Visitor: 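My questions will all concern the structure given below.
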Amino acid sequence: SKYSAKYLNSRLKPSQFRPTVLSGFVCCRNFNHADWSLLYDFIALSNEYPASAFDVLRALINRPEALCLALIKSTEDNFDAVWRLAYQLSFSWHLMPANVWLKVATLYFGAIKELFNQLNMPGYNDETVYQQFVEFRQRVIGRGHRFLGLILTQIQLKLFFEQVMTAGVFDDVFVELSNCSNHPSTFENKLIEAQSALQGRHEADAVWPQGQEIKTVISMLQAERQFVTQAYRRAVLCAPFVAVQFVLSASVCSTQLLFELGNVRDFDREWFDQAYYYELCMGLANQFSTH
């Protein structure tokens, strides 16, 4: 586009990139808008310059729908560049609300289906749309992003249930979610085992991270997830459940909370990832089954 030549090909310093089309980028409600290609050009430049140097990329932080759509619309070639935005900007793909992913996927793949129907294109049908979603989900899981893989698996079942059942191909993530729905007590036992293992990995004099922001939102959790008697261990024990609560409730995660959750995960990644995964499994099974 004309903006590409003006802002990208000139190879100006990052601080000089100030596109006048900022509002057009961050809205991102038109899936076929010409500025999408320009947005991906800016994302590609984040491999060369800090993403925070670009107004348009910083603005996306406050537009979770636009961020999710940017990842869904990405290709094999630029998926990793989009994903790496979370390493440079203050957001996390793993804290994006599940309902935002569902909303964006519903609108985007629904628009593709409608376009095919309007154009009456031979060979393009519901199965074509389904395969596009499958390719995106496999791209996510294939790169080891298993938390988002859980969310996408539930969305796949919700949007494409007949195709999933017809194909009859169920990978480990499908099996895990099925087990969670049918045997939730098994996952509760896994959480208890993970908690015991966490305490066994740290000496009595270990300094556990605290996290004041985490403690302020603990009241969002179910009583059994609040660990009120754990004192100095409380923030670490509650952190993965707080993270899942934000994913399921669509609440806004502050920059400070994001920082504290990262500190807890750095303290004991095994605990955080296991607890987050099991809790997310159970939460998604419950949330999607009631909608």
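Any value given below was found using the heavy atoms of this structure, including those in side chains, with hydrogens, waters and symmetry copies removed. Remember, it's a predicted structure, so these values are computed and weren't measured experimentally.
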Visitor: Atom NZ of Lys190 and atom OG of Ser185: how far apart are they, to the nearest 0.5 Å?
Guide: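 Nearest 0.5 Å value for the NZ-OG distance: 11.0 Å.
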Visitor: Determine the minimum heavy-atom distance between Cys253 and Leu261, stating which atoms define it.
Guide: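 Residues Cys253 and Leu261, closest heavy atoms: SG-CD1, 4.5 Å.
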Visitor: Quick one, Val247 with Ile151, criterion side-chain contact (heavy atoms from CB on, under 4.5 Å). Give me CA distance, side-chain angles, the key distance, then yes/no.
Guide: CA-CA 10 Å; Val247 172; Ile151 295 174; 3.9 Å; yes
Visitor: Side chains of Asn99 and Leu102, heavy atoms from C-beta outward: is any pair under 4.5 Å?
Guide: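 With C-beta onward as the side chain, the pair touches.
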Visitor: Can you tell me if Tyr40 uses its side chain to pair, donor with acceptor, with the backbone of Ala70 under 3.5 Å?
Guide: yes
Visitor: Please report the shortest heavy-atom distance between Ala59 and Arg63, naming the atom on each side.
Guide: O-NH1, 3.1 Å
Visitor: With sequence neighbours left out, what residues match Glu193 under side-chain contact (heavy atoms from CB on, under 4.5 Å)?
Guide: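 side-chain contact (heavy atoms from CB on, under 4.5 Å) list for Glu193, sorted by chain: empty.
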Visitor: Under 4.5 Å between any side-chain heavy atoms of Leu38 and Val56, yes or no?
Guide: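 No. Closest side-chain heavy atoms not under 4.5 Å.
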Visitor: From Tyr87 OH over to Ser46 OG, what is the distance, rounded to the nearest 0.5 angstrom?
Guide: 12.0 Å
Visitor: Mind running side-chain contact (heavy atoms from CB on, under 4.5 Å) on Arg265 and Asp273 for me, showing each step along the way?
Guide: CA-CA 8 Å; Arg265 187 168 185 253; Asp273 286 2; 2.7 Å; yes
Visitor: What is the minimum heavy-atom distance between Tyr108 and Ile72, and which atoms define it?
Guide: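 Taking every non-hydrogen atom into account, CD2-CG2, 3.5 Å.
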Visitor: Would you indicate whether Glu224, at its atom CD, is surrounded by more than 12 heavy atoms from other residues, nucleotides or ligands within a distance under 6.0 Å?
Guide: yes
Visitor: Quick check for you: to the nearest 0.5 Å, what is the distance between Asp172 atom CG and Ile141 atom CD1?
Guide: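 Result: 9.5 Å between the selected atoms.
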Visitor: Please say yes or no: joined through hydrophobic side-chain contacts below 4.5 Å, possibly via intermediate residues, are Tyr232 and Leu198 part of one cluster?
Guide: yes
Visitor: Just by modelled atom types, is the Val236 backbone N or O under 3.5 Å from a matching donor or acceptor in the Trp271 side chain?
Guide: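 Yes.
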Visitor: Side-chain contact, heavy-atom cut-off 4.5 Å: Phe147 with Trp93?
Guide: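 A side-chain contact is absent here, since even the closest heavy-atom pair is not under 4.5 Å.
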Visitor: Where do Ala51 and Leu85 come nearest, in terms of heavy atoms and distance?
Guide: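 Where Ala51 meets Leu85 most closely, the heavy atoms are CB-CD2, 4.0 Å.
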Visitor: Using modelled atom types and a 3.5 Å cut-off, is there a donor and acceptor pairing between side-chain atoms of Asn78 and backbone atoms of Ser74?
Guide: no
Visitor: Do Ile192 and Val244 share a hydrophobic cluster (ILVMFWY, side-chain heavy atoms under 4.5 Å, transitive)?
Guide: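 Cluster IDs for Ile192 and Val244 differ.
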Visitor: If you group Ile, Leu, Val, Met, Phe, Trp and Tyr by side-chain heavy-atom gaps below 4.5 Å, do Phe259 and Val217 land in one group?
Guide: no
Visitor: Judged by atom type as modelled, is there a donor-acceptor pair below 3.5 Å linking the side chain of Ser178 to the main-chain atoms of Phe174?
Guide: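 It does not hold such a pair.
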Visitor: Within the 4.5 Å heavy-atom criterion, are Leu148 and Leu71 side-chain neighbours or not?
Guide: yes
Visitor: Can you tell me how far the CD atom of Glu270 sits from the CZ atom of Arg201, to the nearest 0.5 Å?
Guide: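 Glu270 atom CD to Arg201 atom CZ measures 4.0 Å (nearest 0.5 Å).
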Visitor: Provide the closest heavy-atom pair for Leu258 versus Ser90 in the form atom of the first, atom of the second, distance.
Guide: CD2-C, 3.5 Å
Visitor: Determine whether Leu67 and Val82 make a side-chain contact, defined as any pair of heavy atoms from C-beta on separated by less than 4.5 Å.
Guide: no
Visitor: Does any donor atom in the side chain of Gln131 or Glu127 lie under 3.5 Å from an acceptor atom in the other side chain?
Guide: yes
Visitor: Compare all side-chain heavy atoms of Leu57 with those of Ser52 and state whether any distance is below 4.5 angstrom.
Guide: no
Visitor: Applying side-chain contact (heavy atoms from CB on, under 4.5 Å), run through Phe227 and Leu221 and close with a yes or a no.
Guide: CA-CA 10 Å; Phe227 299 100; Leu221 304 178; over 6 Å; no
Visitor: Output yes when Asp80 and Arg143 qualify as a salt bridge under the 4.0 Å nitrogen-oxygen rule, no when they do not.
Guide: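 Yes, Asp80 and Arg143 are salt-bridged.
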Visitor: Working to the nearest 0.5 angstrom, can you tell me the gap between Phe133 CZ and Ile155 CD1?
Guide: 5.5 Å
Visitor: Got a sec: does the NZ of Lys113 have more than 12 other heavy atoms crowding it under 6.0 Å?
Guide: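 Count not over threshold, so no.
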Visitor: Between Phe267 and Phe272, is there a side-chain heavy-atom distance shorter than 4.5 Å?
Guide: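 No. Closest side-chain heavy atoms not under 4.5 Å.
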Visitor: Please round to the nearest 0.5 Å and tell me the distance separating atom CG of Leu284 and atom NZ of Lys158.
Guide: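 Going from the CG atom of Leu284 to the NZ atom of Lys158 covers 12.0 Å.
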Visitor: Which heavy atom in Ile218 sits nearest to a heavy atom in Cys238, and how many Å separate them?
Guide: CD1-SG, 3.7 Å
Visitor: Under a 3.5 Å cutoff, is there a donor and acceptor pairing between the side chains of Tyr130 and Gln156?
Guide: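 There is such a pair (donor and acceptor under 3.5 Å, judged by atom type) between the side chains of Tyr130 and Gln156.
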Visitor: Same cluster for Leu177 and Phe161 if Ile/Leu/Val/Met/Phe/Trp/Tyr side chains link at under 4.5 Å?
Guide: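 Shared cluster, yes.
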Visitor: Could you walk me through whether Arg225 and Glu279 pass side-chain contact (heavy atoms from CB on, under 4.5 Å), step by step?
Guide: CA-CA 10 Å; Arg225 300 287 195 250; Glu279 184 75 354; 2.8 Å; yes
Visitor: Flag yes if more than 12 heavy atoms outside Asn189 fall under 6.0 Å of its CG atom; otherwise flag no.
Guide: yes
Visitor: Hey, do the aromatic rings of Trp83 and His94 have their centres closer than 6.0 Å?
Guide: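 Yes: the rings meet the under 6.0 Å criterion.
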Visitor: Can you check whether Leu191 reaches Glu188 side chain to side chain, under 4.5 Å on heavy atoms?
Guide: yes
Visitor: I'd like to know if the side chain of Glu213 and the backbone of Glu260 have a donor-acceptor N/O pair within less than 3.5 Å.
Guide: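 No, Glu213 side chain to Glu260 backbone: no donor-acceptor pair under 3.5 Å.
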Visitor: Looking at Ala235, is its backbone amide N or carbonyl O close enough to the side chain of Gln210 to form a donor-acceptor pair, meaning the two atoms are under 3.5 Å apart?
Guide: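 Checked: no pair found.
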Visitor: Count I, L, V, M, F, W, Y as connected when their side-chain heavy atoms are under 4.5 Å apart, and connections chain through other members. Are Met165 and Phe109 then in the same cluster?
Guide: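 Yes, Met165 connects to Phe109 through the hydrophobic network.
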